[in-house]
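Data first, discussion second: the structure below is written as structure tokens.
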Amino acid sequence: MLVFIIRRLMQAVVVMVVMSALVFGGIYLVGNPVTMLISDQASEAERLAVIRDLGLDQPVWQQYLTFVGKAVVGEFGKSFRAGEPAMQLIFQHMPATIELALVAMLLAVLVGVPLGMYAGLRPDSLRARGIMTVSILGFSLPTFWVGLMLIMLFAVALPEWIPGWPRLPSSGRGPTVDILGLKLSIFTAQGWLHLLLPAATLALAKGALIIRLTRAATREVLPMDYVKFARAKGLSERRIVGVHVLKNIAIPIATVTGLELGQVIAFAVVTETIFSWPGMGKLLIDSILLLDRPVVVAYLVVIVFFLVMLNLVVDILYSVLDPRVRLEAQGR
Amino acid sequence: MEGSGSVEPRRPAWPDPLMASPIVDLTGITKRFTQRVDLAGRIANVFGAGLHETVVQAVSDIDLAIGEGEVVGLVGESGCGKSTLGRMVAGILEPSDGAIRYRGVALEAMTSAQKRAWALGVQMIFQDPFASLNPRLRVGETIGEAPVVHGLVDKGQAADYVAELMRRVGLDPAYARRYPHQFSGGQRQRIGIARALAVKPAFLVCDEATAALDVSIQAQVLNLFMELRQSLGLTYLFVSHNLAVVEHLSDRVAIMYLGRIVEIAPTEALFDAPNHPYTQALLSEVPKLEARRRAYRPIEGELPSPIDPPPGCAFHPRCPHAGARCRTERPALRAIAPGRLSACHLNDG
Amino acid sequence: MSDAASPTLELADLKTHFFTRDGVVRSVDGVDLQVGAGEVLGLVGESGSGKSVTGFSILGLIDPPGRIVGGQVLYRGEDLVQASSARLRALRGRNIAMVFQDPMMTLNPVLRVDTQMIEAIRAHEAVDDATARRRAVAALTQVGIPSPEARLRSYPHQFSGGMRQRVAIAIALLNKPDLIIADEPTTALDVTIQGQILFEMRKLCQETGTALIWITHDLAVVAGLADRIAVMYAGRVVEHGATAEILERPRHPYTHGLIGSVPTRGHRGQALFQIPGMAPSPLRLPQGCAFQPRCTRAVAACAAMPDLQEIAPAHQARCWNPVP
Amino acid sequence: AQELKVGLSTEPSSLDPQYHNLSPNNQIALHLFEALVAQDPAQNLQPALAVSWKAIDDTTWEFKLREGVTFHDGSPFTAEDVVFTIDRAAKVPNAPSPFTQFTKQIVGIDVVDPMTVRLRTAAPAPLLPVDMTGIRIMSKKAASGPAPEGKTTEQLNRGEGLVGTGPFKFVEWSRGNQLVLERNDAYWGPKPAWKKVIFRPLPNAATRVAGLLSGDVDFIENPPTVDLPKLASNERVTLARALSNRVIYIHLDQFAEPTPGIPDTNGKNPLKDKNVRHALSLALDRTAIVQRIMEGFAVPAADLLPSPMFGTRKDTPVEKVDVARAKKLLADAGYPNGFSITLGTPNGRYINDAKVAETIAALWTRAGVKTQIEASAPPVFFKNRDEHKYSAYLAGWGATTGEMSDPLRALVATPNRERGMGGTNKGRYSNPAVDAKLVEAMRTVDDEKRRTLLQEASKLAMDDYGILPLHFEVSVWAMKKGLTYTGRADQYTLAYLVAPAQ
Amino acid sequence: MTDAAADNMPPGAGRAAPAVETPWRRFMADFCANRLALFGLVLVIVVAAAALLAPWLAPQNPYDIAKLDIFDSKMPPGSASSDGTLTYWLGTDGQARDMLSAMMYGMRVSLLVGAVSVVVALAIGTVVGLTAAFFGGRVDAFLMRCVDIQLSFPAILVALILLAVLGQGVDKVLYALIAVQWAYFARAARAAALVEREKEYVEAARCLALPRRRILWRHLLPNCLPPLIVIATVEVAHAIALEATLSFLGLGVPVTEPSLGKLIANGFEFLMAGKYWIALFPGLALAMALIGINLVGDHLRDILNPRNAR
Ligand SMILES: Nc1ncnc2c1ncn2[C@@H]1O[C@H](COP(=O)(O)OP(=O)(O)OP(=O)(O)O)[C@@H](O)[C@H]1O
Ligand SMILES: Nc1ncnc2c1ncn2[C@@H]1O[C@H](COP(=O)(O)OP(=O)(O)OP(=O)(O)O)[C@@H](O)[C@H]1O
Ligand SMILES: [Mg+2]
Ligand SMILES: [Mg+2]
């Protein structure tokens with residue numbers, strides 16, 4: 001277990017170093033953030049002063065070393081654009097993203113697992129085929145297009161065509177409530193309404209994935225001897241499906257769900273852009289477009305850390321769910 | 001704890017007439033599989049994780065000479081190291097310790113031509129008739145590939161050569177263009193044999209070569225082995241846990257237990273009067289057609305793990321005759337009669 | 001126990017077919033068998049001859065695309081083919097238990113042994129947890145597992161192969177069934193472990209009067225175990241009789257060949273008897289006697305399917321031209 | 001009328017009124033703070049915190065402050081606050097676009113009495129009152145702090161010390177989500193109609209429109225031009241528009257030889273030839289661009305600033321498209337078969353920028369100049385532009401001061417870093433006559449004289465085709481029926497100017 | 001009980017049926033057995049044909065800006081062009097491109113990007129994966145750490161950052177997609193090779209002293225390919241979707257040569273304006289392509305899965 005954590009952390013450090021170096025060099029190559037930040041009217045002296053203030057006059061490797069030196073003690077610099085510590089900006093935007101991702105994933109699991117199990121238990125039934133066809137659609141359609149169509153449908157077209165049809169909000173987060181210092185919108189009805197479309201957009205693809213995964217896992221488990229043996233013991237079908245099958249498919253489902261959560265958070269970039277969801281992903285896109293390097297780098301560091309932790313949790317979960325797995329012995 | 005390996009003679013005390021020129025000669029062959037501790041593990045050890053290398057001693061200190069034309073059976077329970085030994089003989093695995101001589105030349109001393117002669121001269125027949133054939137090659141290609149690559153036959157003549165080999169193992173040459181999945185288990189095993197024969201080997205290592213076959217098919221393949229031995233003068237190392245099959249085929253039988261040979265003797269002698277308690281137990285265990293309604297006490301317990309073998313005689317935890325000495329001192333493999341060796345303290349009286 | 005005259009289980013012309021994409025697989029195509037209390041029946045045949053399907057058909061455990069298409073499975077006179085699924089479930093594990101071939105696969109890897117044992121008891125009886133646990137411990141003791149209380153809390157992967165098979169057998173014994181169907185339970189095990197298990201199984205059946213159907217492809221295994229042997233070929237029983245009868249005086253050419261092809265003592269180095277060809281594909285069974293294409297004694301009559309006929313007292317064979 | 005929800009296309013990057021000189025920040029600051037001088041929708045100067053101002057001599061401006069104004073916290077507004085604010089502008093660290101550009105000419109501040117300040121400059125500064133529109137007065141009491149600049153940007157972002165005299169008070173800001181303001185009931189001027197204003201950043205144009213249509217917000221800025229026809233005909237929506245001070249133009253490299261992006265003229269830079277520049281201008285169908293791409297929400301341009309503004313001329317006809325003549329001019333210039341050129345454009349900086357560029361490419365190609373476009377993300381575009389990687393590029397210029405010297409200085413004056421001239425003249429157009437008139441104008445405090453000088457300077461540059469103006473953007477606001485807004489040339493969205501219709 | 005259907009089998013004959021049943025034929029027979037997969041294949045073929053033949057089939061070359069008449073922009077489906085020469089069956093976009101033509105050309109870009117990136121990534125990944133698996137030890141450890149690092153990062157982020165650095169352009173998108181994908185293939189190839197390497201036929205090949213390279217490429221590779229092909233099909237769909245997403249976010253292909261994603265992004269602006277066709281049709285085309293590919297991939301997974309192999 002310890003080895004495992006150490007291995008993960010080592011990996012995280014490497015990823016962070018590689019990514020931050022790449023981003024540093026990359027953004028340096030792309031352009032000068034000052035051109036975007038400074039007003040066109042500014043004089044050359046002002047320009048130079050800004051460049052010096054931001055430390056952009058130094059060679060890029062020196063900037064990088066300065067950054068690493070500070071990052072080690074937890075300082076990731078201030079956003080060029082907002083003048084606030086980059087980390088603070090990210091933490092401000094994080095609850096929105098996490099909230100969206102969790103709701104979407106929850107939705108995906110709650111819908112995906114039962115449907116997937118149904119399709120796995122009765123693979124030849126008409127309904128199962130229907131489920132599978134829909135799931136193909138679900139993960140074929142690109143998220144952004146689904147988002148557009150949902151907006152089109154629920155925020156514009158349906159309310160127009162059908163009088164009295166409630167118009168779903170298509171943008172933003174709605175009112176938030178402070179819970180333990182986090183601003184969350186899942187505690188208000190308006191907040192839920194705002195969550196609905198973006199979460200559905202994200203959940204569609206992931207739900208489709210989970211349906212397929214659950215079905216495949218179910219189909220794999222069903223012909224196992226232990227299922228037959230359970231039948232031979234005279235167990236009820238409910239217990240066989242609910243305990244013997246479910247416990248076994250829970251392993252891949254939990255693993256994948258955990259790992260996909262990371263993907264959802266990353267993919268929130270797109271959804272957040274479409275729905276103007278004030279999360280980290282939008283912050284990233286804006287920062288990339290404005291070359292706000294401290295924010296981009298800090299975002300990556302946070303994301304890497306988050307993903308590594310997620311992986312770790314998934315691995316631990318895996319070992320909890322599957323008694324056969326001992327983390328130490330795993331060569332991964 | 002340490003076995004008396006150092007005082008043990010390296011060669012069998014009794015010279016076998018067949019041994020005049022052994023085709024393969026193993027001395028002190030050992031194979032360890034080691035799982036190392038990686039960087040993360042080492043860091044973890046700093047924090048007191050206490051990880052260390054795990055070593056599986058699959059094969060320990062084996063001396064075995066196999067004469068030209070001889071059939072040696074190798075028997076033992078699952079995991080005792082039979083396959084590992086067989087694969088070292090065939091040159092697929094490298095021993096961790098010990099020396100292999102092929103036709104009198106030690107491995108290290110071989111020229112590259114001799115190395116190739118060894119590589120081609122010793123061939124393997126595998127257990128799984130499904131996994132041992134490349135599913136994406138036509139049967140003709142499977143058989144004909146190696147001789148063409150090694151220049152034993154011209155590309156042009158390969159087809160004839162393959163046809164000849166297929167006939168030899170009892171397959172219709174017309175099937176050369178088929179793929180393995182179109183054959184039954186027995187037929188596939190024949191293809192595997194033909195593939196091995198294609199490089200004109202002198203020695204076949206058969207690793208459970210009939211274990212996956214039905215009895216009626218097993219008989220066909222066993223007959224083929226015997227027929228090939230007659231016609232080609234082949235030498236066999238016949239690895240199996242099926243005693244009846246080994247008995248049927250072998251001239252000599254070696255019994256392995258936990259990586260070591262515990263007894264080796266001419267077949268008849270061994271089956272008539274097994275010496276080692278493990279051999280005795282094993283033989284009594286085998287169900288036989290003739291034996292109706294047996295009443296016996298089966299051997300107790302199970303094979304210990306090779307990661308953590310018991311001290312002394314590895315068999316002592318299961319042995320009905322185990323004494324105090326067996327728990328501490330490892331018995332040496334010693335001659336107990338002409339041509340017979342056994343590793344048991346009981347023989348010391 | 002029931003009176004010896006009515007067998008615990010009787011199969012009458014049982015037919016189980018698989019309706020696959022490539023065609024109908026007649027895995028079991030008219031099997032007649034019976035087994036009485038305390039009796040051990042050895043069901044022998046080569047791979048694919050339909051032994052397992054026969055076993056599963058008894059418990060109604062055939063998965064689609066398979067189906068029992070005809071015949072009867074009479075358990076104490078009750079036809080299980082017609083039985084409701086609730087009735088079947090009540091019988092499974094309580095009256096008829098089953099042990100499978102691969103001990104690695106029969107126990108659910110993510111459930112503890114106690115869970116798997118207790119659920120087997122509670123599926124049939126409303127007993128409290130403590131009672132069920134006590135019975136589980138007793139069953140484990142019965143099959144020779146040391147320190148059963150502690151082992152109950154283990155997961156299957158913490159057992160060795162032999163131990164796992166014992167656990168599976170203990171589960172089969174939990175509800176004291178009248179009949180156990182053992183489908184090659186020792187094939188995957190080492191000879192020494194196989195010896196232990198054979199020994200214990202026979203002891204248990206003798207002690208409890210449980211009927212046992214032992215499925216195997218190894219004649220030698222049943223030689224020391226079974227009272228009677230039934231030999232299957234291509235979905236049919238081709239010969240049936242007392243163990244000694246079958247082994248010493250096989251009358252069906254197939255059985256005869258089978259026994260001849262097993263290496264035995266005293267014939268070292270001699271060519272084994274060889275049945276030519278191989279088992280036919282169950283999709284394309286030959287007309288008439290399925291063994292006819294490989295049979296050395298085939299005659300014109302073999303073009304029609306022979307019946308299972310009484311050839312000697314308590315000895316039946318399905319052959320037009322039996323070995324004398 | 002209690003609450004107004006406004007959809008912004010760009011969120012302010014900070015609430016510190018002196019951190020980042022950027023429209024989205026300035027327009028929010030204008031809700032909370034006021035400057036000495038304000039601009040009306042047409043960018044004419046108006047009294048604000050100063051009731052009057054006059055030049056005492058060439059280098060001193062005197063501002064009379066408004067009496068009886070209080071900050072949100074109730075403290076009175078005095079000259080000290082003006083001094084504090086002007087001082088602070090230079091002290092804000094890391095300001096990406098500092099406010100010193102408005103204050104740099106000031107060399108000293110004299111507080112004559114609590115209601116009078118004098119600003120001294122080193123050189124004549126005719127535009128100082130205009131500059132003062134950019135400096136929004138903070139409360140010395142509230143915004144003082146241990147840091148050199150007093151309350152830091154971060155603190156201000158949190159609302160600490162965010163105390164002004166403006167029509168609204170700060171309530172809360174959750175970045176990316178919403179900014180909430182409430183009415184300042186003690187405001188000295190006309191009270192806004194809204195008790196509470198919520199600004200929501202909705203950067204995606206389509207979402208912004210959807211937000212308006214779905215009632216998420218009541219008022220949005222910059223609806224995408226494509227939606228305008230539909231919005232205009234939607235009876236639940238009202239539009240407000242205003243001709244902006246932003247000109248979209250094409251700059252042509254008139255310096256480098258060979259110039260990048262023109263590969264087939266044997267190293268010659270055809271753009272140095274006025275005939276070629278004229279031909280390129282003639283090929284531009286400005287009307288078509290305005291109609292088809294801008295949906296009519298733009299005005300074809302013949303100058304760098306739209307007409308009534310300070311320093312513009314009245315009689316500036318827009319060049320009529322004339323492909324035949326363009327071809328002839330090209331042939332006269334020695335390019336009968338035209339040449340190839342790459343037109344650089346940012347993608348997403350100005351309204352429909354890349355689309356306009358695409359259309360221009362088509363238009364030029366028809367006139368014989370085979371045009372490719374290179375559209376890049378804005379930072380990349382600006383980097384390339386600044387490195388003179390384009391022989392022609394499309395860009396825009398908003399004259400924040402609302403008068404002609406601004407674009408002339410930035411876009412057509414000969415580049416000269418020290419003098420702050422031609423900073424954005426990346427085509428490196430240079431015309432000494434223009435420069436002379438411009439320098440002259442910038443020294444002239446007399447408005448009438450300055451106006452004439454600027455008109456002459458711009459005429460010179462336009463007649464020389466030193467830069468090709470395309471069109472002026474028309475800023476548009478869309479709101480639900482029942483609201484009115486007077487569109488502003490400075491493109492600011494100011495909630496206190498939104499009124500419920502009578 | 002008589003078996004009329006069952007015919008006799010000659011003794012010793014191979015189990016299976018007529019003439020030589022190659023793996024390919026077996027595969028095709030399996031494939032054609034599923035109607036949904038066939039439907040997917042037809043979709044893919046239609047889409048691919050439309051894309052490949054675009055220069056010959058498309059009514060207009062939408063990339064030739066000189067041909068675009070600005071006055072034809074945003075025409076609804078079925079309108080005639082202002083010079084009367086052609087009908088815009090699916091309307092035109094904001095740049096007066098005929099949607100049908102633009103979609104065909106866009107599909108070209110999308111498919112090209114998808115296919116090329118996957119093929120290159122497949123090649124790189126396979127080489128890396130096989131090498132790692134075959135040689136093991138330090139080589140394996142090093143290569144797999146690289147893969148781990150790459151995979152510990154969500155694809156879209158890697159692509160976003162790379163594109164932000166590289167700039168726009170079809171080639172840049174290709175690099176980004178390859179960089180994102182190779183690691184999947186490397187890991188899958190390694191996993192497959194590790195399984196295959198333990199199979200006895202590889203041991204047999206080594207026993208026959210066949211050269212390592214031959215074992216690697218002739219024995220291991222073909223047997224590792226099936227899972228890789230499945231991944232590759234699905235990855236083509238992923239790559240296309242990812243490219244579309246990137247273009248949608250403004251970081252993909254240049255505006256002048258729009259891919260489907262870019263077309264949809266362009267259409268996004270027009271959605272609220274009621275000009276549905278600019279976003280809808282390319283979206284449908286994209287969906288068609290992706291669904292087709294996924295259907296095929298899905299079924300491939302079923303029939304190439306060794307578990308299901310008969
Ligand atoms: N590559 C390997 N790495 C680690 N351990 C190994 C490896 N190969 C074999 N072993 C171990 O070496 C021991 C001997 O294995 P081997 O395959 O030789 O046994 P065997 O006698 O052939 O058994 P079986 O009858 O089951 O084939 C076993 O405990 C096995 O786990
Ligand atoms: N689910 C299934 N679908 C199609 N055919 C099946 C299925 N299950 C079994 N069969 C066929 O039924 C026949 C009999 O199978 P069965 O498992 O009973 O053989 P067996 O005698 O138990 O063989 P083994 O010794 O290999 O276990 C085989 O030919 C097999 O192919
Ligand atoms: Mg082995
Ligand atoms: Mg079976």
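Just so it is clear, the values below take in all heavy atoms, side chains as well, and ignore hydrogens, waters and symmetry mates. Every chain is numbered from 1 and lettered A, B, ... according to where its sequence line falls, protein lines coming before strand lines.
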Open item on the list: Counting heavy-atom pairs closer than 4.5 Å to chain E, which one of B/V205, B/V199, B/L137 comes out on top?
Closed with: B/L137
Open item on the list: Surrounding CZ of E/F135 (heavy atoms of other residues, nucleotides or ligands, distance under 6.0 Å), is the total greater than 12?
Closed with: yes
- [ ] Select one option (side chain, backbone, both, neither) describing which atoms of B/I92 are under 4.5 Å from chain E's heavy atoms.
- [x] both
Open item on the list: Between B/E145, B/K115, B/H150, B/R87, who has the most heavy-atom pairs with chain E when the cutoff is under 4.5 Å?
Closed with: B/E145
- [ ] Let me know if B/Q220 has heavy atoms under 4.5 Å from chain E in its side chain, its backbone, both or neither.
- [x] neither
Task: Heavy atoms from other residues, nucleotides or ligands near OH of E/Y175 exceed 12 (cutoff 6.0 Å) - done: no
Open item on the list: Rounded at 0.5 Å granularity, tell me how far OG in B/S132 sits from NZ in E/K199.
Closed with: 11.0 Å
Task: Heavy atoms of other groups near E/R187 CZ, more than 12 under 6.0 Å - done: no
TODO: For E/E200 and B/D128, indicate whether the former's side chain and the latter's backbone hold a donor-acceptor pair under 3.5 Å.
DONE: yes
Task: Close contacts, residues 210-226 of chain E versus chain B, judged by heavy atoms under 4.5 Å - done: E/L210, E/P211, E/R214, E/R218, E/H219, E/P222, E/N223, E/P226
Open item on the list: Please check: side-chain N/O of B/Q123 versus main-chain N/O of E/C207, any donor-acceptor pairing under 3.5 Å?
Closed with: yes
Task: Pairing residues for E/F185 by the ring-ring contact (aromatic ring centres under 6.0 Å, His included) criterion, not counting sequence neighbours - done: none
Open item on the list: If we define contacts as heavy-atom pairs under 4.5 Å, which of B/P135, B/P147, B/A119 has the most with chain E?
Closed with: B/P135
